[in-house]
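Down below is the structure, laid out as structure tokens.
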Amino acid sequence: MRIKLIYLPVLWLGFGSCLAVAQNAAPSPESGAQQVVDRDLLEVTIGQLEEFYRSNKYTVTEVVDWYLARIGRYNGIYRAVQDVDKRGALAAAAREDAEAAAGGKDFKRGPLWGIPIVTKANTSIAGLITTDGWQGYLIPGHELVAPRDATIVAKLREAGAIIIGQTNMPDFAASDTNRSTAYGRTGNAYDVRFSPGGSSGGTVTAVTANFAVLGNGTDTGNSIRMPAATSAVVGVFPTRGLVSIAGIAPLDWLLDNTGPIARDVTDAAIALGVMAGEDPRDARTAGSAAKAQPGPYTQYLKTDALKGKRFGVPAFIMTGAGIPFEGIVSDESPAEVAADRVAARLPLRPETRAAFLKAIEGLRAAGATVVIDDSILPDSPDGFPEIASHIATLPYVKEGTEKFLADFGPAQYRSAEEYEKVVGSPLPDTIIGGMENAGRVGRAAIRQVSIESDPHAEANYFAPRRRALAAYTEALDRLHLDGFVYPATQMPPPDETMPQDGQLSGGPHSDTSWVNMLGVPAVVVPGGFYPDGLPFGLEISARPWRDGDLLGWAFAYEQATRHRRPPVLVESGLLPDAR
């Protein structure tokens with residue numbers, strides 16, 4: 001990675017001192033009108049913006065200008081937005097303003113009309129570069145310029161959203177922190193020294209810092225939910241198949257998902273309603289309309305939605321029984337299986353356990369029962385983590401990359417082979433061989449095959465996935481549970497000014513990749529703050545296709561606890577990073 005992290009000003013002055021300097025310095029002269037705009041738009045919601053537009057208090061252009069100015073003011077420190085599409089955003093805003101003026105008082109706006117959003121850098125936008133966080137897609141003359149919008153981008157545009165930029169992400173989304181070769185490091189908005197999590201840390205920092213109203217994240221093993229937990233925002237992992245992933249550069253297409261990241265549950269529910277729907281480009285969305293709870297998802301948002309509900313705490317998360325990312329293939333020896341399971345263990349830090357136990361009191365206060373019992377998805381030789389560990393997607397990683405390039409690659413290269421021929425070097429093993437192959441010391445690399453034709457696919461993937469989903473639902477049925485609740489991460493956000501365990505941490509930082517393996521819905525909501533002021537996130541999961549109920553529970557918790565508070569950003573005193 002061509003990235004060099006420099007933090008000397010932080011270590012010399014200290015973050016608290018930097019913050020005090022920023023807060024106590026003479027204020028810049030601002031007009032009273034500007035102060036009103038700042039007060040109106042900081043932490044603004046979709047509903048509030050809609051009212052501003054209806055009353056003609058602001059135009060879309062004025063709102064977009066405010067967000068662009070805020071990005072210009074703070075992005076040099078936090079580096080959340082990799083590319084700002086100022087020209088495209090202002091053109092779209094002017095078009096919407098003209099439409100509203102022509103439509104008069106009867107003008108009908110879409111659900112996201114005039115809402116400034118950001119999208120993650122692995123999500124295709126027609127005519128822009130899909131960097132996927134990787135410098136190899138930025139080689140002059142060989143950039144990965146998207147020929148068309150990703151399905152969700154087309155849906156967001158149709159609903160009236162204004163895309164103002166693409167957010168930073170680690171290369172190929174393959175890290176639990178947000179350091180990329182394409183743009184560098186993103187800092188946590190609550191303390192720039194700390195990680196915002198990966199791989200959707202750019203979107204998370206942009207949303208929590210009020211660079212946009214909302215954005216999309218992608219999630220292969222925790223990458224919407226874990227970053228949301230670091231930054232007091234709402235992150236939604238929908239039932240896999242509710243939202244299309246067509247046009248999103250994959251890390252592991254059998255585990256990947258996309259969903260909204262927003263500052264409150266209501267905005268997330270509105271955005272999910274826009275993003276959801278069947279798509280012929282994504283086979284897993286076929287038939288989703290008949291399986292899913294009907295929209296709009298805002299109808300499930302009730303303050304009493306938690307009354308009488310029962311949630312279980314998965315025992316294996318509390319004991320730190322990790323599940324190997326991309327699973328264990330069916331032909332591994334018992335010794336290899338045991339070694340993989342031991343390597344995946346990730347203890348729950350004491351301070352995170354304490355934050356979790358404090359956070360679930362909010363569930364109980366809102367009328368829910370929380371059951372903590374060692375029999376709930378236990379850490380045992382035949383328990384849930386053992387079953388889920390055998391859902392192996394590693395042999396099929398390259399197939400996802402090939403499908404993406406075939407549909408959303410540039411004219412120069414529509415396959416991994418064509419990329420190597422044109423550029424002169426191959427795509428990294430991360431996306432054509434599986435990132436976990438690199439860790440198979442002393443073992444043969446797993447051969448990449450098509451899941452449709454692989455005779456081992458049933459043993460590798462389909463059968464263990466059915467067994468794990470059955471174990472998940474059996475625990476719900478046996479104890480009459482509505483869902484599960486657990487910490488979204490196993491630790492607080494790491495300080496990236498110093499090594500941890502001998503190196504700057506890249507993860508894993510959470511124990512939730514099993515959600516991706518099963519494809520069940522989950523949501524993270526602000527669950528409080530650690531003593532040092534960094535956020536803690538509470539995660540809730542539900543039965544497949546109960547996304548509406550899940551959002552209702554998150555809303556009731558949010559309204560009962562009101563944990564979200566915006567960060568105080570700094571403009572100077574810290575070096576953003578040097579590459």
Discussion item. Under a plain distance cut-off of 3.5 Å, with no hydrogens placed, do T181 and D171 share a side-chain donor-acceptor pair?
Written reply: yes
Worksheet item: Relative to the ring of W134, is the ring of F172 parallel (under 30°), tilted (30 to 60°) or perpendicular (over 60°)?
Response: tilted
Response to the item:
Closest non-hydrogen contact found for L49 with P116 is CD1-CD, 4.0 Å
Practice prompt. For L569 and Y78, work out which heavy atoms get closest and say how close.
Written response: CA-OH, 3.3 Å
Discussion item. Taking E50 first and then R109, would you say they form a salt bridge - that is, a charged N and a carboxylate O separated by under 4.0 Å?
Written reply: no
Worksheet item: Do NZ/NE/NH1/NH2 and the carboxylate oxygens of E361 and R364 come within less than 4.0 Å?
Response: yes
Worksheet entry | Electrostatic pair D264-R564, nearest N-O below 4.0 angstrom | no
Discussion item. How long is the straight-line distance from CG of L242 back to CE of M275, given to the nearest 0.5 Å?
Written reply: 9.5 Å
Practice prompt. Give a yes or no answer on whether the side chain of D547 reaches the backbone of P521 with a donor-acceptor pair at less than 3.5 Å.
Written response: no
Worksheet entry | Polar side-chain atom of N178 near backbone of G201 as donor-acceptor pair, under 3.5 Å | yes
Worksheet entry | Residue pair V118 / A206: nearest heavy atoms and the distance that separates them | CG2-CB, 4.2 Å
Fill in: Minimum side-chain heavy-atom gap F536-K358 below 4.5 Å
no
Discussion item. What I want to check is whether the side chains of T177 and S195 have a donor and an acceptor closer together than 3.5 Å.
Written reply: no
Worksheet item: Below 4.5 Å, heavy atoms only, C-beta onward: do F194 and E496 meet side chain to side chain?
Response: no
Discussion item. Is it the case that the ring center of W553 lies less than 6.0 angstrom away from the ring center of F311?
Written reply: yes
Item to complete: Apply side-chain contact (heavy atoms from CB on, under 4.5 Å) to the pair D482 and D549, showing each step before the final yes or no.
Response: CA-CA 9 Å; D482 294 281; D549 291 341; over 6 Å; no
Item to complete: Please report the closest heavy-atom contact between A80 and N75, naming both atoms and the distance.
Response: N-OD1, 2.9 Å
Discussion item. Under 3.5 Å, is there a donor on one side chain and an acceptor on the other for T61 and T59?
Written reply: no
Discussion item. Can you tell me how the ring of H563 sits relative to the ring of Y557, calling it parallel under 30°, perpendicular over 60° and tilted otherwise?
Written reply: tilted
Discussion item. In the structure I gave you, are the side-chain heavy atoms of I317 and W514 within less than 4.5 Å of one another anywhere?
Written reply: yes
Discussion item. What I'd like to find out is whether the side chain of R263 reaches to under 4.5 Å of the side chain of N210, using heavy atoms alone.
Written reply: yes
Discussion item. Looking at every non-hydrogen atom in both residues, tell me the closest pair between P493 and T230 and how far apart they are.
Written reply: CG-CB, 3.9 Å
Item to complete: Indicate whether any N or O donor in one side chain lies under 3.5 Å from an N or O acceptor in the other, for S510 and R225.
Response: no
Worksheet entry | pair P196-P227: side-chain heavy atoms closer than 4.5 Å | no
Worksheet item: Do the non-hydrogen side-chain atoms of V236 and I224 ever get within less than 4.5 Å of each other?
Response: no
Worksheet item: With a 3.5 Å cut-off and no angle check, do the side chains of T258 and N216 form a donor-acceptor pair?
Response: yes
Item to complete: Enter the distance from R353:CZ to Q490:CD here, rounded to the nearest 0.5 Å.
Response: 9.0 Å
Worksheet entry | Trace of the side-chain contact (heavy atoms from CB on, under 4.5 Å) decision for Y137 with N122 | CA-CA 11 Å; Y137 285 146; N122 59 357; over 6 Å; no
Worksheet item: Is the backbone N or O of G519 less than 3.5 Å from a side-chain atom of N257, with the two atoms forming a donor-acceptor pair by type?
Response: no
Fill in: Intermediate values then yes/no, side-chain contact (heavy atoms from CB on, under 4.5 Å), T45 and T266
CA-CA 8 Å; T45 65; T266 303; over 6 Å; no
Worksheet item: To the nearest 0.5 Å, how far apart are OG1 in T489 and CG in L346?
Response: 9.5 Å
Worksheet entry | N/O donor-acceptor pair under 3.5 Å between D252 side chain and T220 backbone | no
Practice prompt. State whether the side chain of K155 and the backbone N or O of A276 hold a donor-acceptor pair below 3.5 Å, judged by distance alone.
Written response: yes
Practice prompt. Work out which heavy atom in L214 is nearest to a heavy atom in D267; give both atom names and the distance.
Written response: CD2-O, 4.1 Å
Worksheet entry | Check: Q166 main-chain N/O paired with T119 side-chain donor or acceptor under 3.5 Å | no
Worksheet item: Does the N188 side chain pair with the main chain of S231, one donor and one acceptor, at a distance under 3.5 Å?
Response: no
Worksheet entry | Spacing of CG belonging to D85 relative to CG belonging to L68, to within rounding of 0.5 Å | 9.5 Å
Fill in: Expected output: side-chain Y486 to main-chain F356 donor-acceptor under 3.5 Å
no
Worksheet entry | Under 3.5 Å side-chain donor-acceptor pair for D219 and N516 | yes
Practice prompt. Under the side-chain contact (heavy atoms from CB on, under 4.5 Å) rule, what do V243 and I152 come out as? Steps first, then yes or no, please.
Written response: CA-CA 8 Å; V243 177; I152 63 161; 3.6 Å; yes
Worksheet item: Between Y530 and T352, is any pair of side-chain heavy atoms under 4.5 Å apart?
Response: yes
Practice prompt. Run the ring-centre check on F52 versus W66 and record whether the distance is less than 6.0 Å.
Written response: no
Practice prompt. Kindly check if the number of other-residue, nucleotide or ligand heavy atoms within 6.0 Å of CD (Q299) is above 12?
Written response: yes
Worksheet entry | Backbone N/O of M169 and side chain of S199: donor-acceptor pair under 3.5 Å | no
Worksheet item: Applying the side chain to side chain contact (heavy atoms under 4.5 Å, CB included) test to Q82, which of I129, T131, T167 qualifies?
Response: T131
Discussion item. Could you measure the distance from the CG atom of L251 to the CG atom of D132? Nearest 0.5 Å is fine.
Written reply: 8.5 Å
Discussion item. Just verifying a value: how many Å separate T205 OG1 and I261 CD1, rounded to the nearest 0.5 Å?
Written reply: 10.0 Å
Worksheet item: Are any side-chain N or O atoms of Q559 and backbone N or O atoms of A556, one a donor and one an acceptor, separated by less than 3.5 Å?
Response: no
Practice prompt. Would you check if P250 and I245 make a side-chain contact, meaning some heavy-atom pair closer than 4.5 Å?
Written response: no
Fill in: Residues D40, K57: salt bridge by 4.0 Å N-O rule
yes
